[in-house]
Amino acid sequence: MRIDIITVVPELLKSPFEASIMKRSIEKGLVEVHFHNLREYTTNNYKQVDDYQFGGGAGMVMMIEPIDKCISKLRSERMYDEIIYMTPDGDTLNQSTANQLSLKGNIIILCGHYKGVDQRVRDHFITKEISIGDYVLSGGELGALILCDAVIRLIPGVLGNETSALTDSFQDNLLAPPIYTRPASYKGWEVPPILTSGNFPKIEAWREEQAYQRTKDRRPDLLDE
Ligand code: ADE
């Protein structure tokens, strides 16, 4: 998968791709990530990418021209499956969207800043609008990173068997069951005996029951879906 991220603050984006799973996905050749500084696509001398709102109102708006130039250049080089705009009024990111995106070949992620982008960008270039939750960030960059992390770990081959995504919370609309590791007894706090019994069918049944109970207690909305 190739991910092109368009931003006015590329320095916010680099380090998460230099550690852990996202770094390994790039090293394995399964993912390519490219950052594009929108200021390099401006035609004015001040490298200005935003301007006042028509009609008045507080807050600057990202202009269409540099965004058009950047997206058009990328599209002249390859086909894109999705052009995603990170925005608090987009569809809330969930595991199903992450699963779908993990199967794509090339995607562009546009990070909004200030009040957001000129509506014509959304009308004419964007194929998907994603929010990471009902709160407003200073820009789309941190949201884009969260989206990348959620998607990249699902790309076949990125996670080994030991970290398989198949048993994650949400993967089957259930939260994950409780997990334990050594020691089996710590300060008198015991691991549920079933987990050390060696009876794998019973362990599996226990996990399913725990996952169901946890989902019922914490996120009953998931059981309705
Ligand atoms: N940009 C600002 N707030 C955001 C949010 N909640 N999700 C995605 N992008 C954003």
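Every number for a ligand or one of its atoms is a count from 1 in the order of the listing. Just so it is clear, the values below take in all heavy atoms, side chains as well, and ignore hydrogens, waters and symmetry mates.
Close contacts of ligand 1 with G133, meaning ligand atoms under 4.0 Å from a residue heavy atom, involve 6 (N). Counting the atoms of ligand 1 from 1 in the order shown, those under 4.0 Å from a heavy atom of G139 are 1 (N). Near I130, the atoms of ligand 1 lying under 4.0 angstrom from a non-hydrogen atom of the residue are 8 (C).
Between I132 and ligand 1, a contact under 3.5 Å exists for at least one N or O pair. For ligand 1, the polar-atom distance check finds no N/O of V136 at less than 3.5 Å from any of the ligand's N/O atoms.
A donor atom on one side chain and an acceptor atom on the other are not found under 3.5 Å apart for N173 and Q95. In this model, no donor atom of one side chain and acceptor atom of the other lie less than 3.5 Å apart for T42 and N44.
Checked by atom type and distance alone, the side chain of K28 pairs as donor or acceptor with a backbone atom of G157 at under 3.5 Å.
Within a 6.0 Å sphere centred on CZ of R2, heavy atoms belonging to other residues, nucleotides or ligands number more than 12. In Y180, the OH atom is crowded: over 12 heavy atoms of neighbouring residues, nucleotides or ligands sit closer than 6.0 Å.
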Checklist entry - Could you walk me through whether T97 and N94 pass the side chain to side chain donor-acceptor pair (under 3.5 Å) check? => result CA-CA 6 Å; T97 304; N94 58 24; 3.0 Å; yes
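For atom 3 (N) of ligand 1, the closest non-hydrogen atom of the protein is L137 N, 3.0 Å. Summary of contacts: the protein heavy atom closest to atom 6 (N) of ligand 1 is Y135 O, 2.7 Å. With hydrogens left out, the protein atom closest to atom 9 (N) of ligand 1 is T87 N, 3.3 Å, a heavy atom. For atom 10 (C) of ligand 1, the nearest non-hydrogen atom of the protein is P88 CD, 3.6 Å.
A salt bridge links R122 with D89: the closest approach of a Lys/Arg side-chain nitrogen to an acidic carboxylate oxygen falls below 4.0 angstrom.
For G143, the closest heavy-atom approach to ligand 1 does not fall below 4.0 Å.
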